[in-house]
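Following: one structure in structure tokens, then a few remarks.
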Amino acid sequence: MLYNRETDYTASNGGKRRPTMDKEQLMQQARSIKQHAYVPYSKFPVGAAFLMTDDRVITGVNVENVSFGATNCAERTAMFTAMAEGYQKGDFKAVAVAGDTEDFLPPCAICRQVMAELCPPDMPIYLTNAKGEISTHTLREILPLAFTDLDM
């Protein structure tokens, strides 16, 4: 049986709702979680943190496999974890993606497609680089001609 995220949180917190997290706080969650990435081949850890509509944060890391096709990105790990915990399409509010790159690290095309399925097109996507700068985009901007259920 799935727990009620909001009821469980407010019951344990004196009835108070969680505050909304800003992009710097969300990015810090993505930066922190990347230390748990399993990257024995690329040595390229990535962390992702999704802010959900109830203000909970779900994180994920990339998990590599010697059969590279079996590798899973941090963004999909987080989205699939959210779905396994009872969240639904449309419950995703924002995402931060962190890696140690010179330029801003965007989600791969497969992750963008999964986002197009589960997230609103105007959802903020925060990207960072090794200098700690944050670039803000929307899903629509990074995947302008998304394949959606309207195409079926």
Examine distances only and state if a side-chain atom of [X] and a backbone atom of [Y] form a donor-acceptor pair shorter than 3.5 Å.
X: Gln113; Y: Phe147; result: yes
X: Gln25; Y: Asp22; result: yes
X: Thr128; Y: Glu133; result: yes
X: Ser135; Y: Leu127; result: no
X: Asn62; Y: Phe44; result: yes
X: Thr71; Y: Asn65; result: yes

Does [X] share a hydrophobic cluster with [Y], counting links as ILVMFWY side-chain heavy atoms below 4.5 Å and allowing steps through other members?
X: Met52; Y: Val61; value: no
X: Met79; Y: Ile142; value: yes
X: Met21; Y: Ile33; value: no
X: Leu143; Y: Leu145; value: no

Would you check, one step at a time, whether the test side chain to side chain contact (heavy atoms under 4.5 Å, CB included) holds for Val114 with Phe80? CA-CA 10 Å; Val114 175; Phe80 298 161; 3.9 Å; yes
Which residue pairs satisfy the side chain to side chain donor-acceptor pair (under 3.5 Å) criterion with at least one member in residues 35-48, sequence neighbours excluded?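 Every side chain to side chain donor-acceptor pair (under 3.5 Å) pair that includes a residue of residues 35-48, provided the two are not neighbours, is Ser42-Glu64.
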Thr138 OG1 to Ile125 CD1 distance, which is reported to the nearest 0.5 Å: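 Between atom OG1 of Thr138 and atom CD1 of Ile125 there are 7.0 Å.
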Passing candidate, side chain to side chain contact (heavy atoms under 4.5 Å, CB included) with Ile110, options Glu75, Arg76, Met115: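 Testing Ile110 for a side chain to side chain contact (heavy atoms under 4.5 Å, CB included) against Glu75, Arg76, Met115 leaves exactly one candidate, Arg76.
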Close side-chain approach of Asp54 to Tyr87, heavy-atom, < 4.5 Å: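 Of all side-chain heavy-atom pairs linking Tyr87 with Asp54, at least one is under 4.5 Å.
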Run the side chain to side chain contact (heavy atoms under 4.5 Å, CB included) test on Met83 and Asp91 for me, step by step, so that the C-alpha distance in whole Å, both residues' side-chain angles and the decisive distance to 0.1 Å come before the verdict. CA-CA 9 Å; Met83 299 299 283; Asp91 287 343; over 6 Å; no
Return all side-chain donor-acceptor pairs below 3.5 angstrom for residues 97-109, not counting sequence neighbours, or 'none' if the list is empty.
| residue | atom | partner | partner atom | Å |
| --- | --- | --- | --- | --- |
| Asp100 | OD1 | Lys34 | NZ | 2.5 |
| Asp100 | OD2 | Lys34 | NZ | 2.8 |
| Thr101 | OG1 | Asp103 | O | 2.5 |

Which pair of non-hydrogen atoms, one from [X] and one from [Y], has the smallest distance, and what is that distance?
X: Ala30; Y: Ala96; value: CB-O, 3.5 Å
X: Pro120; Y: Phe92; value: CD-O, 3.4 Å
X: Ala78; Y: Gly60; value: CB-N, 3.6 Å

